[in-house]
**Student:** 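My questions will all concern the structure given below.
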Amino acid sequence: MNTIEKHDKYIMKSYGRLPLAVANGNGVNLTAEDGKKYIDFGSGIGTNSLGFCDDDWVKAVSEQLKTLQHNSNYYYNKPGADFAEKLCEITGYTNMFFSNSGAEANECAIKIARKYSFDKYGKGTGRQNIITLKGSFHGRTIATLSATGQEDFHNYFFPFLEGFIHVEPNNISDLNQKLDDSVCAVMLEYIQGEGGVCPLDIDFVNEVFKLCTMKDVLVIADEVQTGTGRTGKFLCGANYPKNGKKADITTLAKGLFGGLPGGVCMSGEKCAGVLTPGTHGSTYGGNPIVMAGGLVVLEKVSNPDFLDEVVKKGDYIREQLLQLDEIEKIDGLGLMLGITLKTKIAKDVMNAALEKGLLTLTAKEKLRLLPPLTIDYQSLDRGLSILAEVLQ
């Protein structure tokens with residue numbers, strides 16, 4: 001049996017896989033087991049932020065692998081301490097919890113928000129609800145599925161958790177009506193990735209922060225997909241005036257570790273002491289190999305010149321694609337782009353591009369592009385040429 005046949009026989013069919021068995025990758029290029037070459041405009045759904053097998057990243061991970069692969073969280077390790085210090089310096093947050101994925105980071109944020117309210121206002125006050133937005137996606141655990149504001153995901157796994165209220169995005173009236181004394185947090189994505197690459201309006205985000213400040217309600221920013229430089233700022237909230245929006249809690253994952261499994265839930269002083277020994281944990285969270293790779297990502301992606309290039313590359317993609325008759329509009333920021341097509345079906349375009357050697361993604365009815373942040377203009381041109389051929 002070949003790789004695809006073995007997968008189909010032995011692995012649960014919870015993914016709608018495409019007929020591609022990957023052998024190796026280098027930079028923005030992939031090689032399949034049959035030798036066919038591909039250009040990657042998806043970066044593992046925004047995870048391979050530095051592309052495939054970045055030299056510095058590989059060196060750091062390999063050296064750490066030969067030194068210490070894991071230790072219990074009863075003890076300390078240097079890669080985790082160095083990573084946390086660097087991420088706090090970059091973001092201005094004061095502390096963090098390490099997990100293994102975006103869903104786990106969001107679970108941690110949910111627990112912090114509810115315990116913050118419990119600690120400050122008491123058990124019987126009823127301040128336990130969390131507002132999330134319709135169209136949002138926060139993960140596939142039971143709690144994060146319950147938080148997700150898409151009815152398509154609220155099936156099969158009953159009963160879902162109580163305590164989540166869904167508000168129409170960019171609808172200030174709906175927000176005002178539902179943000180009552182039962183709410184302890186508002187959880188949002190500045191750009192809804194899986195929901196269709198849909199950015200939130202500036203006025204709506206401003207209103208969220210204003211109301212939450214007035215009511216002592218926490219703001220949780222799910223930056224699992226939008227963070228780590230994806231939108232041209234290290235955190236997407238920095239794109240929102242005035243002087244950027246800094247949530248009480250921010251979650252990161254995907255591109256933060258360059259392809260290794262990891263997640264981070266960061267908090268400021270307001271929530272710094274909420275988690276106490278025994279209230280949360282993770283066996284693999286803060287794994288030294290993951291931290292070593294993540295530190296390389298932080299060093300590169302936090303560079304202002306690097307982030308400026310992300311913006312320029314995003315603008316370049318827009319400029320090239322908007323010349324095509326089939327493109328109706330392009331949403332998103334930096335290298336997180338959602339393309340609305342006039343006549344073609346996004347999934348059909350994705351499959352046709354795959355046939356011609358280009359990996360893309362979809363998000364609802366849109367074609368989605370999340371290329372590595374390190375992609376060069378020559379590779380962009382090659383990929384955009386294939387995409388133009390498919391669209392025309």
Side-chain angles (χ1 to χ4, degrees), residues 11-12 14-16 42-49 73 87 96-115 130-164 166 185-197 218-228 230 235-236 247-267 271 274-275 279-287 290-291 294 336 361 363-364 368 370:
I11 297 176
M12 293 181 185
S14 59
Y15 300 105
S43 64
I45 316 182
T47 299
N48 296 328
S49 49
N73 280 314
L87 186 55
M96 63 194 65
F97 179 87
F98 294 131
S99 57
N100 309 289
S101 67
E104 290 179 54
N106 286 336
E107 288 265 353
C108 181
I110 290 166
K111 290 177 72 173
I112 290 173
R114 287 182 170 166
K115 189 171 184 295
I130 295 176
I131 287 178
T132 65
L133 303 183
K134 294 178 181 178
S136 63
F137 180 82
H138 298 296
R140 294 187 182 273
T141 65
I142 290 296
T144 54
L145 274 179
S146 302
T148 291
Q150 299 185 53
E151 284 305 311
D152 290 349
F153 290 99
H154 298 159
N155 207 352
Y156 310 122
F157 311 114
F158 301 102
F160 288 91
L161 295 185
E162 298 177 351
F164 294 98
H166 304 304
V186 175
M187 188 174 191
L188 55 80
E189 303 160 277
Y190 294 107
I191 303 174
Q192 294 182 340
E194 304 304 315
V197 193
L218 301 180
V219 178
I220 303 170
D222 176 347
E223 293 230 31
V224 169
Q225 191 167 144
T226 60
T228 320
R230 175 57 57 181
L235 295 179
C236 185
D248 299 294
I249 302 168
T250 290
T251 59
L252 293 171
K254 287 193 181 291
L256 186 60
F257 299 104
L260 293 174
V264 172
C265 179
M266 304 185 294
S267 78
C271 301
V274 172
L275 290 185
T279 56
H280 199 46
S282 171
T283 297
Y284 292 104
N287 175 271
V290 176
M291 297 293 108
M336 181 179 182
L361 302 162
K364 298 302 182 185
R368 177 169 44 153
L370 297 170

**Student:** G46 and L370: which non-hydrogen atoms are nearest, and at how many Å?
**Tutor:**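 Heavy-atom minimum between the residues: N-CD1, 3.8 Å.
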**Student:** Search all heavy atoms of A253 against all heavy atoms of S101 and return the closest pair with its distance.
**Tutor:**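 That would be CB-C, 3.9 Å.
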**Student:** Hey, mind stepping through L133 and E189 against side chain to side chain contact (heavy atoms under 4.5 Å, CB included) and telling me if it holds?
**Tutor:** CA-CA 8 Å; L133 303 183; E189 303 160 277; over 6 Å; no
**Student:** Give the table of side-chain donor-acceptor pairs shorter than 3.5 Å for residues 154-163, with sequence neighbours excluded, one pair per line with atom names and distance.
**Tutor:**
unit_1	atom_1	unit_2	atom_2	d
H154	ND1	E151	OE2	3.4
H154	NE2	L145	O	2.9
H154	NE2	T148	O	2.7

**Student:** Just to verify, what does S49 make a side-chain contact (heavy atoms from CB on, under 4.5 Å) with, not counting sequence neighbours?
**Tutor:**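 Once residues adjacent in sequence are excluded, the partners of S49 under the side-chain contact (heavy atoms from CB on, under 4.5 Å) criterion are V297, L373.
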**Student:** Who pairs with K134 by salt bridge (charged side-chain N to carboxylate O under 4.0 Å, His left out), at least two apart in sequence or on another chain?
**Tutor:**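 If we apply the salt bridge (charged side-chain N to carboxylate O under 4.0 Å, His left out) test to K134, skipping adjacent residues, the hits are E168.
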**Student:** CG/L235 to CD/E223 distance, rounded to the nearest 0.5 angstrom?
**Tutor:** 5.0 Å
**Student:** Who are the side-chain contact (heavy atoms from CB on, under 4.5 Å) partners of T279, not counting sequence neighbours?
**Tutor:** K115, L275, T276
**Student:** Quick one: CE on M266 to SG on C108, what's the gap to the nearest 0.5 Å?
**Tutor:** 11.5 Å
**Student:** How long is the span from the CD1 atom in I130 to the CG atom in L218, to the nearest 0.5 Å?
**Tutor:**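 Going from CD1 on I130 over to CG on L218, the span is 9.0 Å.
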**Student:** Ring pair (Phe, Tyr, Trp, His ring centres under 6.0 Å) with F164: which residues, sequence neighbours excluded?
**Tutor:**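 With sequence neighbours excluded, F164 shows a ring pair (Phe, Tyr, Trp, His ring centres under 6.0 Å) to no residue whatsoever.
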**Student:** Between N100 and S282, which heavy-atom pair has the shortest distance, and what is it?
**Tutor:**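 Scanning both residues completely, I find the closest heavy atoms to be ND2-OG, 3.2 Å.
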**Student:** Looking only at the side chains, is there a donor atom on one of Q150 and K364 sitting less than 3.5 Å from an acceptor on the other?
**Tutor:** yes
**Student:** Flag the pair C236 / I191 as yes when at least one side-chain heavy-atom distance between them is below 4.5 Å, and no otherwise.
**Tutor:**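 Touching, per the 4.5 Å side-chain cut-off.
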**Student:** Only one of T228, V264, N287 forms a side-chain contact (heavy atoms from CB on, under 4.5 Å) with F257, so which one is it?
**Tutor:**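 Filter result, single survivor: V264.
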**Student:** Ignoring hydrogens and angles, tell me if any N or O in the side chain of T132 forms a donor-acceptor pair with the backbone of M187 under 3.5 Å.
**Tutor:**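 No.
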**Student:** Can you sort out the partners of T47 under side-chain hydrogen bond (donor to acceptor under 3.5 Å, both in side chains), two or more places apart, ordered by chain and number?
**Tutor:**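 Result, side-chain hydrogen bond (donor to acceptor under 3.5 Å, both in side chains) vs T47: none returned.
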**Student:** Taking side chain as C-beta onward, heavy atoms only, is D222 less than 4.5 Å from S136?
**Tutor:**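 When only atoms from C-beta onward are counted, S136 and D222 do not touch, as no gap falls below 4.5 Å.
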**Student:** Looking only at heavy atoms, which two atoms of A103 and T141 are closest? And how far apart?
**Tutor:**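 What the structure gives for the nearest pair is CB-CG2, 4.2 Å.
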**Student:** If every non-hydrogen atom of G102 is compared with every non-hydrogen atom of V224, which pair is closest and at what distance?
**Tutor:** CA-CG2, 3.7 Å
**Student:** Please name all residues satisfying side-chain hydrogen bond (donor to acceptor under 3.5 Å, both in side chains) with E194, sequence neighbours left out, ordered by chain then number.
**Tutor:**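 Only Q225, R368 meet the side-chain hydrogen bond (donor to acceptor under 3.5 Å, both in side chains) criterion with E194.
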**Student:** Do C265 and I249 have side-chain heavy atoms sitting under 4.5 Å apart?
**Tutor:** yes
**Student:** Using side-chain heavy atoms (C-beta onward) and a distance below 4.5 Å, is R140 in contact with S14?
**Tutor:**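 They are not in side-chain contact.
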**Student:** Sub-3.5 Å donor-acceptor pair from the side chain of N106 to the main-chain atoms of H138, do we have one?
**Tutor:** yes
**Student:** Please list, chain by chain and in numerical order, all residues satisfying salt bridge (charged side-chain N to carboxylate O under 4.0 Å, His left out) with K111, sequence neighbours excluded.
**Tutor:**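 For K111 there are no salt bridge (charged side-chain N to carboxylate O under 4.0 Å, His left out) partners, ignoring immediate neighbours.
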**Student:** With sequence neighbours left out, what residues match A105 under side-chain contact (heavy atoms from CB on, under 4.5 Å)?
**Tutor:** S99, T251
**Student:** Shortest non-hydrogen contact from A143 to E107?
**Tutor:**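 So the minimum-distance heavy-atom pair works out to CB-OE2, 3.1 Å.
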